[in-house]
Visitor: 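Questions regarding the structure given below will be posed in turn.
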Amino acid sequence: MASLFFLFLLLPFAILLLVLAAIVRPRPVRIPLKGRHVLVTGGSSGIGLALALRAAAEGARVTIFARDPSRLQDARHAIRLATGVDVAVLAADVRDSEAVARALEAADYVDVLICNHGVFLPQELERQSLEEVRFMVEVNLMGTFHLIKAALPAMKQRAKESGLPASIAIMSSQAGQVGIYGYTAYSASKFGLRGLAEALQHEVIADNIHITLVFPPDTDTPGLAEEHKRRPEVTKLIAGSQGGMKADDVAKKALHGIKSGQFVVACNFEGYLLHVATVGLSPQRSYFMAFVEILGVGLMRFVALCYQWSWFTIIEKWHAKMRSDLLRETSDSLHT
Amino acid sequence: MASPLLLFPVVMAPVVFAAVLAFLVRPRPVRIPIKGRHVFITGGSSGIGLALARLAAAEGARVSILARRAAHLQEARDAIRLATGVDVAVFSADVRDADAVAKAVEAAGPVDVLVCNHGVFTPQELEKQDLEEVRLMVEVNLMGTFNLIKAALPPMKQRTKATGLPASIAIMSSQAGQVGVYGYTAYSASKFALRGLAEALQHEVIADDIHVSMIFPPDTETPGFAEEHRRRPDLTNIIAGSSGGMKADDVAKKALDGIKSSRFIVPCNFEGTMLSIATAGLSPQSSFLTALAEVLGAGFMRFMGLCFQWNWFSSIENWHSKKKGM
């Protein structure tokens, strides 16, 4: 009797799984890397370098793309030392659409385009210069538009000729899933990438090109070290001030996601929770993940509200402390 | 006799849950008065902006409108005077020009309610679209908003301190800022970006009693929309056609109501409300009732979202096979 009841309880879930298996789009795909051309921007350091190393080790033909030719050479040597593989290098600033177009032309075609480059300078908008805001938007968002625009025609051609699926992967950030104190410009640029990615997947699916958005947490890179130096106090209280994931682990997750054609790639457990909370109307190829999303998103919204409660409380307390410190200083100076 | 005992927790659970949410929701809700206060509206000479200006003026606000072309501004001013008897201040500037924006905002005086409503939208497949057009949308919709907020913020902070009244920064987004669809790479990029900006900004300005609102209208009958419609790719029409259109006045009313209630997310119609629940993400929520709807409804909305994507990808597939067949 009890087991029948139990089965009956499971029935709606089973039906849901079946329905999801039928409707999830785009359909799942496997994207091979071996022997294919992988181009990684921001490829001379941090996550980009780790991606290039892994892709080379998996037998891909790799090109790394960055601004500084000497750092590119250093990276090339490092990759040769680690994997025995020689990678091609391209030097250009992603903000310069013509330089990007020339570089992509020199690269011939790309099978897997990894737009990984990015800059991040946290600061309260009131104190941040518009130059810095523009810098982040230009590099992170416009730079990605430039790359995709330049690579797309040859990618489409190549996907048609080879009959193999291609990939455009975009490195976002957990700051591209939630905006927090100090990240107006950075979150703006990273949220922007999601709008781009959702629309782009519609436009290129018929050409067998698959979009992947990767959302790493703080990752131990030279970039993070720089960023930490200027993090506002409140940002540290909210986002933490420790180091983060290892670049190689992020690269591993990213590459795995790219090869499975996942639209969203989370890099750690927190990232999965964040993904479920912010899944919105993003496409989902895996009926199982879709199932998890449907069951989990309500709870995750509750968790999100708890987080916002905690963050606004931190902000309130910090401001109260600032005010009382100021009061104390003023009264001290009056008494001396 | 066991049944009332069982019923009690079943009835109490949602009540307790609602109470928990009422305690949790941040920022706390506030009422933002607009009567007698300075409302500054960009893109205010036509469409939703003009409707907002008319409405705000009719409610007794002191209204300033900013737009690029002086002639349009004069027409708008005349139209508002005719409709409400109120005279609005006009400022001409291109939001892409940070200096011009700063000058206009300075000339206008401290703002209580800043409505960043300006926007441009040209739908096209990224492969076919000129990078200049992409850049235009990002510059106007995103950087323009940064320019405005940066210029208006310091006097706004002074103002809330001096008056003790809450202020508002309202940002006009779009349903295309909640989901990206065929033809909208650049426009959705610019509108999604505004959300990242808004979420972070709210953290930064809450202590100054400034409240951020994002408005998400659907297709709205404006001159801008008429332009956009002419250029829409087939597939965008097929996909985006699934969302109904609205009148600018109705959008303006919803927007103003949302701004006055300091709501972070302001949907404009039923579909918009569903979309907002589906895309609530980690956005702040000041209404515990809406929070309840979000927690209870998000799962079903995700399922609906997946159905929409199934429908959209099927449309895309069908359209392409038809084209190949031709």
Side-chain angles (χ1 to χ4, degrees), chain A residues 20 23-26 97 124-126 130 133-134 137 141-142 145-146 148-149 152-153 176-181 183-184 187-192 194-196 198-200 202-203 205-206 277-281 283-284 290 293-295 297-298 301-302 304-309 311-312 315 319, chain B residues 21 24-27 98 125-127 131 134-135 138 142-143 146-147 149-150 153-154 177-182 184-185 188-193 195-197 199-201 203-204 206-207 278-282 284-285 291 294-296 298-299 302-303 305-310 312-313 316 320:
Chain A
L20 291 174
I23 70 169
V24 286
R25 293 287 185 280
S97 62
E124 296 90 338
L125 179 59
E126 198 192 358
L130 280 167
V133 172
R134 177 174 290 285
V137 173
L141 186 57
M142 285 310 300
F145 269 110
H146 295 162
I148 296 174
K149 187 98 175 100
L152 212 43
Q177 296 173 301
V178 56
I180 61 169
Y181 191 107
Y183 281 153
T184 48
S187 286
S189 69
K190 291 301 190 176
F191 268 68
R194 188 181 198 131
L196 159 55
E198 285 187 4
L200 186 64
H202 280 189
E203 292 176 18
I205 188 65
T278 60
V279 71
L281 258 84
Q284 177 55 260
E293 287 164 2
I294 291 172
L295 296 185
V297 66
R301 178 55 179 159
F302 178 68
L305 292 166
C306 295
Y307 267 106
Q308 285 289 11
W309 170 77
W311 293 340
F312 278 98
I315 292 168
H319 276 104
Chain B
L21 287 176
L24 274 181
V25 288
R26 291 287 186 278
E125 296 90 340
L126 179 58
E127 198 192 0
L131 278 170
V134 173
R135 179 171 287 285
V138 173
L142 183 59
M143 285 310 301
F146 269 112
N147 292 341
I149 296 175
K150 190 98 175 95
L153 210 43
Q178 294 174 301
V179 56
V181 299
Y182 191 104
Y184 281 147
T185 48
S188 286
S190 69
K191 292 301 190 175
F192 267 68
R195 188 181 194 130
L197 158 54
E199 285 187 4
L201 184 66
H203 280 190
E204 293 175 18
I206 187 65
T279 59
L282 259 83
Q285 178 53 259
E294 288 168 355
V295 172
L296 296 180
R302 177 54 181 159
F303 177 67
L306 290 163
C307 292
F308 269 106
Q309 287 289 11
W310 170 66
W312 292 339
F313 277 100
I316 293 168
H320 280 281

Visitor: Between B/Val138, B/Leu296, B/Ile149, which residue shows the highest count of heavy-atom pairs closer than 4.5 Å to chain A?
Guide: B/Val138
Visitor: Determine the option with the most heavy-atom pairs under 4.5 angstrom with chain B, choosing from A/Leu130, A/Val133, A/Leu305.
Guide: A/Leu130
Visitor: Quick check on the interface: out of B/Leu306, B/Leu153, B/Thr279, who has the most heavy-atom pairs with chain A under 4.5 Å?
Guide: B/Leu306
Visitor: When rounded to the nearest 0.5 angstrom, what distance separates CD1 in B/Ile316 from CD1 in A/Ile205?
Guide: 8.0 Å
Visitor: For each of A/Thr278, A/Ile294, A/Leu295, tally heavy-atom pairs with chain B at distances under 4.5 Å, and name the one with the top tally.
Guide: A/Ile294
Visitor: In terms of heavy-atom pairs under 4.5 Å, which option from B/Ala278, B/Pro284, B/Gly177, B/Ala207 contacts chain A the most?
Guide: B/Pro284
Visitor: Of the non-hydrogen atoms in A/Pro153 and B/Glu127, which two are nearest, and what is the gap between them?
Guide: CA-OE2, 4.1 Å
Visitor: Please name the pair of heavy atoms, one in A/Val178 and one in B/Glu199, separated by the smallest distance, quoted to 0.1 Å.
Guide: CA-OE1, 3.4 Å
Visitor: Under 4.5 Å, counting heavy-atom pairs only, tell me which of B/Cys307, B/Ser190, B/Pro27 racks up the most with chain A.
Guide: B/Pro27
Visitor: At what distance, to the nearest 0.5 angstrom, does CG of A/Leu141 lie from CG of B/Leu142?
Guide: 7.0 Å
Visitor: Search all heavy atoms of B/Gly305 against all heavy atoms of A/Leu281 and return the closest pair with its distance.
Guide: CA-CG, 3.9 Å
Visitor: Check A/Ile315 against B/Ile206 and note the closest heavy-atom contact, atom names and distance.
Guide: CG2-CG2, 3.9 Å
Visitor: With respect to chain A, which residue among B/Val134, B/Leu131, B/Asn147, B/Leu201 yields the maximal number of heavy-atom pairs within a distance under 4.5 Å?
Guide: B/Leu131
Visitor: For the side chain of A/Glu203 and the backbone of B/Leu126, is there at least one donor-acceptor N/O pair under 3.5 Å apart?
Guide: yes
Visitor: Can you name the closest pair of heavy atoms from B/Ala193 and A/Phe191 and give their distance?
Guide: CA-CB, 4.0 Å
Visitor: Of all heavy-atom pairs between B/His203 and A/Gln308, which one has the smallest distance, and what is that distance?
Guide: NE2-OE1, 3.0 Å
Visitor: Check each atom of A/Val279 against the heavy atoms of chain B and say whether the ones under 4.5 Å are side chain, backbone, both or neither.
Guide: both
Visitor: Could you check which of B/Ala298, B/Ala189, B/Ser188 has the highest count of heavy-atom pairs closer than 4.5 Å to chain A?
Guide: B/Ala189
Visitor: Given heavy-atom pairs under 4.5 angstrom as the criterion, report whether the side chain, backbone, both or neither of B/Val179 touches chain A.
Guide: both
Visitor: Taking every non-hydrogen pair under 4.5 Å, which of A/Pro283, A/Ser189, A/Ser97 racks up the most with chain B?
Guide: A/Pro283
Visitor: Does some side-chain heavy atom of A/Ile148 sit less than 4.5 Å from a side-chain heavy atom of B/Thr185?
Guide: no
Visitor: How long is the span from the CE atom in B/Met143 to the CE atom in A/Met142, to the nearest 0.5 Å?
Guide: 12.0 Å
Visitor: Measure distances from B/Phe313 to the heavy atoms of chain A and classify the residue's part below 4.5 Å as side chain, backbone, both or neither.
Guide: side chain
Visitor: Supply the atom-to-atom distance A/Leu125 CG to B/Leu197 CG, rounded to the nearest 0.5 angstrom.
Guide: 7.0 Å
Visitor: By a 4.5 Å heavy-atom criterion (distance strictly below it), what part of A/Phe312 contacts chain B: side chain, backbone, both, or neither?
Guide: side chain
